[in-house]
Amino acid sequence: MNASTRIYDNTLAQLLKSRMDGERLRRLVEAKSVEDGLKMLADYGFSYSPDGSIDGFIVAETNKLIEFVTESESEKVAKSLLSEFVYNNVKLAYKSRFVEIGKEGYYEIDGLDVDAVKHGDYKDCDDIMTAALDYLDSVGEKKPQNIDRVLTEAMYKTALSCPSIVIKKYFRAQIDMTNILTAARMFRLKMNNEKEFISGGTIKIDELIEAASGNNFALVFSSTPYADMAERLEKSDFSALGAFEREADDYLFYMTDELAASMSSFKPFLNRYTSARIELKTIKAALVCIKTDSREAFYARRPDIYA
């Protein structure tokens, strides 16, 4: 991709960057019903979900993000950024061998025949995906959590296969924070299973095992960029897992939101991608709070970028 094309894509990404702010979120969460909230979102430029389905809205908006990435980026970059959505479809397809799963949870991704995956035909799958699926077949795996674990590992291998240093750094940070959260859950449950950790991050697996089994959880991560996050998690007696997840989203946003980033670099586009993901998570939380009449709980879940 030449510099002029990159600048154009970054400019477009910045224009589309965020349709929500703190005030719009406050108005949304105060809507009388989910239907009213969805109409409000349509006024803000989002998709309208006439059936009143929260998941339908999220899938429709995610499909728009998928289309934006596909049309704007090279094949290798798009494959990396869209790997989570592709593997979402693969997970659903594989699990549908054992349980009934509707089509509404699938994203619109070209190049993968989910019905073929469901029936054990991996003709459209690359080597990484095929190896993971063949492994699941070989062990006769039927437990959803184990299927998710194996395919998530493969998803991150795919994400890290992109040659971009910025993207590799981004996904390694994502893996690190996912692994810290896993170590915290293990600590709470008094268990330790190294298979639960994802490879490819910057934190060594043996360090994660130490954190999950020892009494110095935060100390293990003291020399990492996540030291403060881990310390806050430990001080909460590992009760603030949701807060850690929000901090992880904030971390990914701010690491790509450098004011001095050149418009010919990849960071502005990656920041748009990140903010869109956070935006949809935040909107979904708001809509669920409306549906469950727990509006007061929303503000504790709101990312710092909307403060």
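Computed from a prediction, not measured in an experiment: that's the story for all the values here.
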**Student:** Just checking Lys204: does its NZ atom have more than 12 heavy atoms from other residues, nucleotides or ligands closer to it than 6.0 angstrom?
**Tutor:**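 No, NZ of Lys204 has 12 or fewer neighbouring heavy atoms, counting only those of other groups under 6.0 Å.
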**Student:** Less than 4.0 Å between a side-chain N and a carboxylate O, is that true for Glu75 and Lys79?
**Tutor:** no
**Student:** Enumerate the ring-ring contact (aromatic ring centres under 6.0 Å, His included) contacts for residues 113-135, please, sequence neighbours excluded, ordered by first and then second residue.
**Tutor:** none
**Student:** If the condition is side chain to side chain contact (heavy atoms under 4.5 Å, CB included), which residues does Ala240 pass it with, not counting sequence neighbours?
**Tutor:** Ser236, Ala243
**Student:** Under 3.5 Å, which donor-acceptor pairs link side chains of residues 22-31 to any protein atom two or more places apart or in another chain?
**Tutor:**
| from | atom 1 | to | atom 2 | distance (Å) |
| --- | --- | --- | --- | --- |
| Glu23 | OE1 | Arg26 | NE | 3.2 |
| Glu23 | OE2 | Arg26 | NE | 3.4 |
| Glu23 | OE2 | Arg26 | NH2 | 2.4 |
| Glu23 | OE2 | Arg27 | NE | 3.2 |
| Arg24 | NH1 | Arg19 | O | 2.8 |
| Arg26 | NH1 | Glu30 | OE1 | 3.0 |
| Arg26 | NH1 | Glu30 | OE2 | 3.3 |

**Student:** Going only through I, L, V, M, F, W and Y residues with side-chain contacts under 4.5 Å, is there a path from Leu270 to Ile165?
**Tutor:** no
**Student:** Got a list of side-chain donor-acceptor pairs under 3.5 Å for residues 99-109, not counting sequence neighbours?
**Tutor:**
| from | atom 1 | to | atom 2 | distance (Å) |
| --- | --- | --- | --- | --- |
| Lys103 | NZ | Asp115 | OD1 | 3.2 |
| Tyr106 | OH | Ala93 | N | 3.2 |

**Student:** Please tell me whether Tyr87 and Tyr156 form a close aromatic pair, meaning their ring centres lie under 6.0 Å apart.
**Tutor:**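 No, the ring of Tyr87 stays outside the 6.0 Å limit from the ring of Tyr156, centre to centre.
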**Student:** For Phe238, what residues pass the ring pair (Phe, Tyr, Trp, His ring centres under 6.0 Å) criterion, not counting sequence neighbours?
**Tutor:** Phe187, Phe217
**Student:** Quick one: is the NZ or CZ of Arg302 closer than 6.0 Å to the six-membered ring centre of Phe298, and within 45° of its axis?
**Tutor:**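 Ring-cation test returns no.
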**Student:** Does some side-chain heavy atom of Leu181 sit less than 4.5 Å from a side-chain heavy atom of Thr178?
**Tutor:** no
**Student:** Can you tell me how far the CD atom of Glu194 sits from the CD1 atom of Ile205, to the nearest 0.5 Å?
**Tutor:** 7.5 Å
**Student:** In terms of heavy-atom contacts, does CG of Asp43 have more than 12 from other residues, nucleotides or ligands at under 6.0 Å?
**Tutor:**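 Counting neighbours around CG of Asp43, more than 12 heavy atoms of other residues, nucleotides or ligands fall under 6.0 Å, so yes.
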**Student:** Is the NZ atom of Lys281 crowded by more than 12 outside heavy atoms at less than 6.0 Å?
**Tutor:**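 Not buried by this count: 12 neighbours or fewer within 6.0 Å.
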**Student:** Quick one: pull up CD in Glu141 and CG in Asp148 and give me the separation to the nearest 0.5 Å.
**Tutor:** 10.5 Å
**Student:** Indicate yes or no: does Glu196 engage Arg185 in a salt bridge with an N to O separation below 4.0 Å.
**Tutor:** no
**Student:** Could you tell me whether the side chain of Met129 reaches within less than 4.5 Å of the side chain of Leu112, counting heavy atoms only?
**Tutor:**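 Yes, side chains in contact.
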**Student:** State yes or no: do Tyr44 and Val34 share one hydrophobic cluster built from I, L, V, M, F, W and Y residues joined by side-chain heavy-atom distances below 4.5 Å, directly or via other members?
**Tutor:**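 Both belong to a single hydrophobic cluster.
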**Student:** How about Asp206: does its CG atom have over 12 heavy atoms from other parts shown lying under 6.0 Å from it?
**Tutor:** yes
**Student:** Are Phe244 and Tyr251 close enough, and set up right, to give a ring-ring contact (aromatic ring centres under 6.0 Å, His included), and what steps lead you there?
**Tutor:** CA-CA 10 Å; Phe244 183 90; Tyr251 182 93; 9.9 Å; no
**Student:** Mind telling me whether Tyr273 and Tyr170 have parallel, tilted or perpendicular rings, with 30° and 60° as the class edges?
**Tutor:**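 Rings of Tyr170 and Tyr273: perpendicular, over 60°.
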**Student:** How would you list all residue pairs meeting ring-ring contact (aromatic ring centres under 6.0 Å, His included) that involve residues 19-41, not counting sequence neighbours?
**Tutor:**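 Every candidate ring-ring contact (aromatic ring centres under 6.0 Å, His included) pair involving residues 19-41 fails, so no pair, neighbours aside, qualifies.
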**Student:** Tell me, yes or no, whether the heavy-atom count around Lys195 atom NZ, taken from other residues, nucleotides or ligands under 6.0 Å, exceeds 12.
**Tutor:** no
